[in-house]
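Note that the coordinates shown come from a computational prediction; the quantities given were computed from them, not determined experimentally. Residue numbers begin at 1 in each chain, while the letters A, B, ... track the order of the sequences.
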Amino acid sequence: MEYNPRDIEKKWKKYWQENQTYKVSNDSDKPKYYVLDMFPYPSGAGLHVGHPLGYIASDIFARYKRLKGFNVLHPMGYDAFGLPAEQYAIQTGVHPAKSTDDNIGRYRDQLDNLGFSFDWSREVRTCDPKYYKWTQWIFTELFHHYYDQSANKAIPISNLVSTFEKEGNVTTKAATTQEETFSAADWKAFSKAEKEDTLMRYRLAYREIGYVNWCEALGTVLANDQVKDGVSERGGYPVVQKAMPQWNLRTTAYAERLLDGLETIDWSSSLKTIQRNWIGRSEGAQLFFDVDGLAEKIEIYTTRPDTIFGATYMVLAPEHPLVEQLTTEGQADAMDKYLSYVKSRSELDRMADKQVTGEFTGAYAINPFTNTKIPIWVAEYVLIGYGTGAIMAVPSDDDRDKVFAEKFGLEIIDVVDKTDYPGATLSDKVGKMINSDFINGMEVPDAITEVCKRVEAMGIGTAKVNYKLRDAGFSRQRYWGEPFPIVYAEDGTAEMLPLEELPLELPETDDFKPGQGGQSPLSRLSDWVNSKDGYTRETDTMPAVAGSSWYFLRYMDPHNDDAFASQDAVNYWQDVDLYVGGSEHAVAHLMYSRFWHKFLYDKGLVPTQEPFKKLINQGMIQGVIEFIYLLKDIQDGVNHFICAELAKKRGITNFARIPVYIGYVSNYGAANSHLTQEGIKQFIEWRPEFKNAKFECPNGIFQNGTFTPNGDAMDSQLITQSEVGKMSKRYFNVVNPDDVVEEYGADCFRLFEMFLGPIQQSKPWDTQSIGGVSRFLKRFWSLFYNQDGKYLVNDEAPSKDELKALHQTIKKVAENIERFSFNTCVSEFMICVNKMIEYKCNKRAILENLVILVAPFAPHMTEELWHQLGHETSVHDASYPDYKEEYLKEDSVKYPISVNGKKRALVDFPADFTKEQLEKEALANETIIKWTEGKTVRKVIVVPNRMINIVVG
RNA sequence: GCCCUGGUGGUGGAAUUGGUAGACACGCAGGACUUAAAAUCCUGUGGCCUUUGGGCCGUGCGGGUUCAAGUCCCGCCCGGGGCACCA
């Protein structure tokens with residue numbers, strides 16, 4: 001029998017499907033293990049070879065765990081709501097549901113082609129009403145809860161209402177934007193709308209006026225990344241901030257727990273760091289400065305209260321509400337001028353060139369500790385969105401304040417002596433306090449504590465923790481997303497739909513363009529919007545992160561219509577043991593998921609605080625982009641392409657780089673990648689506008705269908721410029737895994753992707769070495785069948801060497817899988833198969849085990865071989881072999897013997913030699929004597945089973 | 001600027017706790033089989049020197065610790081990613 005991957009793979013895929021080999025039960029005595037992939041957004045481009053990298057790794061791991069006796073949950077689904085489908089609908093009129101469904105079909109075929117062990121009976125799609133019913137429900141639950149900082153968890157809002165009825169809001173410690181206090185009597189006197197407004201400031205899902213990027217010309221609201229330099233990325237139309245009521249999630253309530261939780265999970269340090277930076281916790285003090293001659297106080301936030309004696313001026317953000325009031329008559333003109341200058345600067349300008357700018361208000365504040373008058377300035381380096389939008393400036397201990405003070409000639413008082421800390425920078429919190437009254441001589445950390453105490457005693461402020469993390473904007477003015485399960489009463493108060501009325505289904509429409517004034521397309525559907533007597537519906541929809549924030553829980557019990565998942569299912573599967581996905585989701589998806597999960601934990605609906613115990617980021621597989629050079633000067637109306645090599649030689653730089661479909665390029669990715677005549681013809685057929693163009697190569701010119709060589713060149717060689725970059729439709733460099741599978745088989749594809757290198761590393765796609773992996777599979781097969789198709793497997797007893805090679809492989813492969821080093825697993829297989837070929841070993845006792853070891857990597861081929869070995873059940877239901885130490889024992893050990901750290905000899909010694917014997921024999925070795933002769937042996941280091949080092953002097 | 005990563009042959013990469021640097025594969029060179037090619041198999045393959053015994057150098061650069069450093073410490077350089085007036 002010959003190794004024919006096409007037939008074998010087809011055969012076993014069918015078998016697995018018919019036998020439901022990968023169906024997983026929630027009812028099992030085995031320990032559970034949950035392996036999850038980040039589910040894909042089904043884009044129109046389909047899967048490229050980069051997508052499966054992580055899926056293959058997780059599939060190998062899932063299959064390995066299964067062989068090790070675990071009940072493994074390994075599901076897959078689709079993140080199916082999203083903007084691309086909606087944009088496609090606007091362009092083509094194809095309903096997003098239809099295009100999404102088509103794309104999913106295509107994805108499914110591609111995934112099936114690779115032999116994954118997904119339990120497809122558990123598939124979820126975020127756009128399925130049966131699924132988003134529960135996305136909507138969790139949202140309503142967020143609405144019905146507030147975050148109680150005393151209990152440190154989410155509590156039903158009804159509890160808060162009873163507290164307000166009894167005590168007002170003075171006793172409650174909650175995550176809220178409510179600043180004014182009120183008594184029980186006040187509360188009772190509030191109107192319904194006032195009460196609702198107040199509660200809104202406590203809810204975990206709340207509505208508030210927010211700002212969106214409104215583009216009048218496009219008639220739509222744009223996402224932040226669609227706005228560049230104050231204009232729309234597409235078309236370059238002006239974009240303004242437009243106020244709109246928006247739903248938000250109070251993510252900030254969980255900031256501390258989101259930060260602390262990172263300590264408990266096994267994620268890469270870089271990922272944790274990104275999340276930590278994003279949360280951006282800082283400890284400091286919030287305090288008030290009096291204004292000279294005015295009743296107003298300025299509230300500031302500082303992480304360095306210890307430096308308050310060096311606070312010689314204050315700065316307000318240009319948008320600060322007190323700016324106008326504080327500006328004196330004499331400064332009014334100057335201030336107006338400054339504020340309009342600031343307005344003229346876009347976000348990008350401000351980031352790009354950090355000029356030191358500012359203007360004096362004319363007013364003075366009183367430093368509460370020195371009681372001196374200090375000037376109040378306005379400057380754009382202070383941001384309204386962080387802290388309180390105002391700072392006390394300490395030019396001696398803050399770089400920005402220092403630069404500012406130097407430019408405007410403001411006083412600088414040194415307050416921290418850092419002479420004991422050479423190398424410490426200005427921002428390091430170290431040093432001894434000077435010029436600082438009662439804290440003089442204290443170390444910085446002690447001084448911070450001391451000043452905080454004093455601030456609180458004086459009643460001018462409190463110690464406070466601040467976060468960079470912002471609440472999550474949750475409204476999108478789009479069609480293709482989850483509708484909010486909300487109706488508004490005539491007085492504008494929001495009411496959540498009860499569970500019985502969920503899901504609130506997305507209404508049908510065929511017009512996906514934005515509605516009036518940037519509203520969602522849903523706003524046009526007045527029958528739907530005006531739901532029942534005077535109530536109107538929310539027309540915005542949820543963002544794509546909504547559905548992906550909890551999908552991993554739905555897989556546990558995907559068809560449950562009474563709960564997002566049953567408590568039995570959730571308690572059995574608990575959490576995700578291994579999560580594999582790209583690091584581009586480092587912030588949004590992973591932060592929201594953790595937040596939702598913690599909320600569900602507070603409600604007692606999930607048993608763990610963190611959803612993803614271990615997370616692996618797979619690297620990106622990049623593509624090679626092939627460019628040809630088109631000269632920008634058109635002569636005689638003819639486009640002129642020039643070989644990249646010629647351009648370089650002649651120093652030509654005035655060209656446009658035109659990406660070419662990589663299928664036309666010969667030696668794709670190599671230094672001499674080029675277009676032959678055939679390639680140029682294909683290119684012209686693809687881009688007919690270049691039909692008459694001239695293609696100039698060093699060896700001739702191609703034009704109008706013919707190649708005119710200089711000299712005797714047979715074919716054109718238009719060198720293309722190769723560049724590593726994203727694999728993307730727009731660079732025409734997407735490689736479809738189906739094509740690779742067609743040529744080499746899925747098993748080979750899987751093995752090859754793993755063999756490329758460590759899973760976390762990014763690398764360009766290069767099939768040059770796929771032949772090595774393909775050869776390995778054929779060699780493996782050749783242990784079972786010879787070239788004439790004769791079955792070779794026998795029942796002879798394995799030799800010592802064979803057993804040793806096998807058990808070494810068992811040990812190494814298992815260890816390598818456990819540490820996600822899949823590339824080295826493939827190497828180990830190769831080493832083992834090479835040895836077995838050398839030993840001419842066709843013994844069942846060896847091969848049977850080897851088949852199981854390879855099964856997670858090459859599931860189809862091993863299934864065939866397993867059945868050829870006479871088994872009736874699937875190899876994927878076998879048990880992983882245990883390695884036995886006894887087979888690995890060596891009679892002798894090869895010792896490198898070094899003299900002064902340099903290896904001089906390699907000698908076999910019996911494995912049971914003692915240290916003394918080893919030392920004696922090493923010193924007696926002929927080669928070693930040559931190096932030690934005439935010198936004194938000072939020391940001999942013997943590490944049993946490792947090496948011997950002789951120190952001479 | 002700050003934080004996180006990584007830097008090893010012609011190439012992808014290996015070396016798990018400091019203990020034989022370059023496993024495994026690609027590529028290349030030579031050979032076998034063949035009329036020939038493909039496929040397959042075998043041998044060699046870090047650089048330099050060499051009297052063919054071997055020697056010297058070598059993991060981005062410069063120092064250090066150690067009997068021993070790709071691995072640990074200090075100071076740089078370069079690539080990738082994140083954050084970026086965060087008080």
**Prompt:** What's the CE-C1' distance between M591(A) and G82(B), to the nearest Å?
**Reply:** 13 Å
**Item:** Distance, nearest 0.5 Å, that separates CZ of R779(A) from OG of S774(A)
**Value:** 12.0 Å
**Request:** Can you tell me the distance, in whole Å, between the CG atom of L590(A) and the P atom of G81(B)?
**Result:** 19 Å
**Item:** Salt bridge present between E263(A) and R276(A) (N-O < 4.0 angstrom)
**Value:** yes
**Complete:** Side-chain contact check for R946(A): nearest option of C4(B), A25(B), U17(B) is U17(B)
Protein-nucleic acid N or O pairs under 3.5 Å, nucleotides 9-16 of chain B:
from: G12(B); atom 1: O2'; to: L756(A); atom 2: O; distance (Å): 2.6
from: G13(B); atom 1: OP1; to: Q761(A); atom 2: OE1; distance (Å): 3.0
from: G13(B); atom 1: O3'; to: N823(A); atom 2: ND2; distance (Å): 3.3
from: A14(B); atom 1: OP1; to: N823(A); atom 2: ND2; distance (Å): 3.1
from: A15(B); atom 1: OP1; to: R819(A); atom 2: NH2; distance (Å): 3.0
from: U16(B); atom 1: N3; to: E815(A); atom 2: OE1; distance (Å): 3.3
from: U16(B); atom 1: O4; to: E815(A); atom 2: OE1; distance (Å): 3.3

**Asked** When you measure from the side chain of N925(A) to the backbone N and O of A905(A), does any donor-acceptor pair fall under 3.5 Å?
**Response** no
**Message:** One thing to verify: whether R281(A) and E256(A) come together as a salt bridge, which I'm taking to mean a side-chain N less than 4.0 angstrom from a carboxylate O.
**Reply:** yes
**Asked** G53(B): syn or anti, with syn meaning chi within 90° of zero?
**Response** syn
**Request:** Identify whether any heavy atom of R779(A) sits under 4.0 Å from a base atom; if not, whether one sits that close to sugar-phosphate; answer base, sugar-phosphate or nothing.
**Result:** sugar-phosphate
**Message:** On the nucleotide C41(B), are OP1 or OP2 found under 4.0 Å from the side-chain N or O atoms that R775(A) carries?
**Reply:** no
**Item:** Integer-rounded Å distance: G1(B) P and Y381(A) OH
**Value:** 21 Å
**Request:** Using the C1' atom on both, measure C3(B) against A29(B) and round to a whole Å.
**Result:** 48 Å
**Asked** Is it true that E299(A) and K297(A) have a side-chain N and a carboxylate O under 4.0 angstrom from each other?
**Response** no
**Asked** Contact class for N466(A) vs. all strands (heavy atom < 4.0 Å): base, sugar-phosphate, or nothing?
**Response** nothing
**Minimum-distance nucleotide to I941(A) side chain [options: C26(B), A87(B), C67(B)]** = C67(B)
**Prompt:** Going by atom types alone, do Y895(A) and D908(A) pair a side-chain donor with an acceptor below 3.5 Å?
**Reply:** no
**Request:** Starting at atom CZ of R938(A), determine the distance to atom P of A68(B), rounded to an integer number of angstrom.
**Result:** 13 Å
**Item:** Rounded C1' spacing from U17(B) to G12(B) in Å
**Value:** 27 Å
**Prompt:** Hey, are K790(A) and D788(A) close enough for a salt bridge, meaning a charged N less than 4.0 Å from a carboxylate O?
**Reply:** no
**Item:** Rounded interatomic separation in angstrom, taking CZ from R276(A) and P from U5(B)
**Value:** 11 Å
**Prompt:** Taking atom C1' in both G46(B) and G58(B), what distance in whole Å separates the two?
**Reply:** 8 Å
**Complete:** L783(A) CG to U40(B) P, in whole Å, measures 16 Å
**Asked** Looking only at atom P, what distance separates U71(B) and U8(B), rounded to whole Å?
**Response** 14 Å
**Message:** Counting only side-chain heavy atoms from C-beta out, which of A87(B), A68(B), C86(B) sits nearest to N949(A)?
**Reply:** A68(B)
**Message:** Side chain of Y301(A) only, heavy atoms from C-beta on: which candidate in A87(B), C4(B), C24(B) is closest?
**Reply:** A87(B)
**Asked** Between T273(A) and K778(A), which is nearer to the 5' end of RNA chain B once each is assigned its nearest nucleotide?
**Response** T273(A)
**Prompt:** Are any of the side-chain heavy atoms of N834(A) and E838(A) separated by less than 4.5 Å?
**Reply:** no
**Complete:** Contact string for nucleotides 43-60 of chain B, one letter per nucleotide 5' to 3', B = base within protein heavy-atom range under 4.0 Å, S = sugar-phosphate only, - = neither, reads ------------SSS---
**Item:** Closest approach of C748(A) to I770(A) (non-hydrogen atoms, all atoms of both residues)
**Value:** SG-CG1, 4.0 Å
**Message:** Using heavy-atom distances to pick each residue's nearest nucleotide on RNA chain B, tell me which of I391(A) and G772(A) is more 5'.
**Reply:** G772(A)
**Request:** Verify the contact: side-chain N or O of R400(A) to OP1 or OP2 of G1(B), cut-off strictly under 4.0 Å; return yes or no.
**Result:** no
**Prompt:** Partners of Y467(A) by ring-ring contact (aromatic ring centres under 6.0 Å, His included), sequence neighbours excluded?
**Reply:** none
**Message:** To check you understand the geometry: which heavy-atom pair defines the closest contact between I621(A) and G50(A), and what is its length?
**Reply:** CB-CA, 3.7 Å
**Request:** Have a look at G63(B) and give me syn or anti from its glycosidic angle (syn if within 90° of zero).
**Result:** anti
**Complete:** When rounded to the nearest 0.5 Å, the distance separating CE of M314(A) from CH2 of W377(A) is 15.0 Å
**Request:** Respond yes when some side-chain nitrogen or oxygen of N277(A) is under 4.0 Å from OP1 or OP2 of C86(B), and no when none is.
**Result:** no
**Asked** Residues from residues 279-287 of chain A sitting under 4.0 Å of RNA chain B, heavy atoms only?
**Response** S282(A)
**Nearest-angstrom distance from the residue atom CE of M620(A) to C1' of G82(B)** = 14 Å
**Message:** Expressed as a whole number of angstroms, how long is the span from L777(A):CG to A25(B):C1'?
**Reply:** 13 Å
**Request:** In whole angstrom, give me the gap between the C1' atoms of U59(B) and U20(B).
**Result:** 15 Å
**Request:** Quote, to the nearest angstrom, the C1' distance that separates A15(B) from G70(B).
**Result:** 9 Å
**Prompt:** Does a side-chain N-to-carboxylate-O contact under 4.0 Å join K272(A) and D266(A)?
**Reply:** no
**Request:** Could you measure between the two P atoms, the one in C72(B) and the one in G18(B), and give it in whole Å?
**Result:** 8 Å
**Fill in**
Symbol by symbol from the 5' end, with Watson-Crick or G-U pairs under 3.5 Å, [ ] crossing and | another strand, RNA chain B is (((((((..(((......[....)))((((((.......))))))((((....))))..(((((..]....))))))))))))....
**Prompt:** Looking at W278(A), is R594(A) sitting on its ring face, NZ or CZ under 6.0 Å from the six-membered ring centre and within 45 degrees of the normal?
**Reply:** no
**Request:** Check every strand shown and say whether I274(A) touches a base, only sugar-phosphate, or nothing at a heavy-atom separation below 4.0 Å.
**Result:** sugar-phosphate
**Rounded distance (nearest 0.5 Å) linking atom CZ of F820(A) with atom CD of Q760(A)** = 9.0 Å
**Complete:** Interatomic distance, OH@Y301(A) vs CG@N466(A), rounded to 0.5 Å, equals 4.5 Å
Contacts table for residues 929-953 of chain A: side-chain donor-acceptor under 3.5 angstrom, sequence neighbours left out:
from: T932(A); atom 1: OG1; to: I928(A); atom 2: O; distance (Å): 3.1
from: T932(A); atom 1: OG1; to: I929(A); atom 2: O; distance (Å): 3.3
from: N949(A); atom 1: OD1; to: G901(A); atom 2: N; distance (Å): 3.1

**Fill in**
Among A87(B), C3(B), A25(B), the one nearest any side-chain atom of M830(A) is A25(B)
**Request:** Determine the interatomic distance between C1' on C67(B) and the same-named atom on C78(B); round to the nearest Å.
**Result:** 34 Å
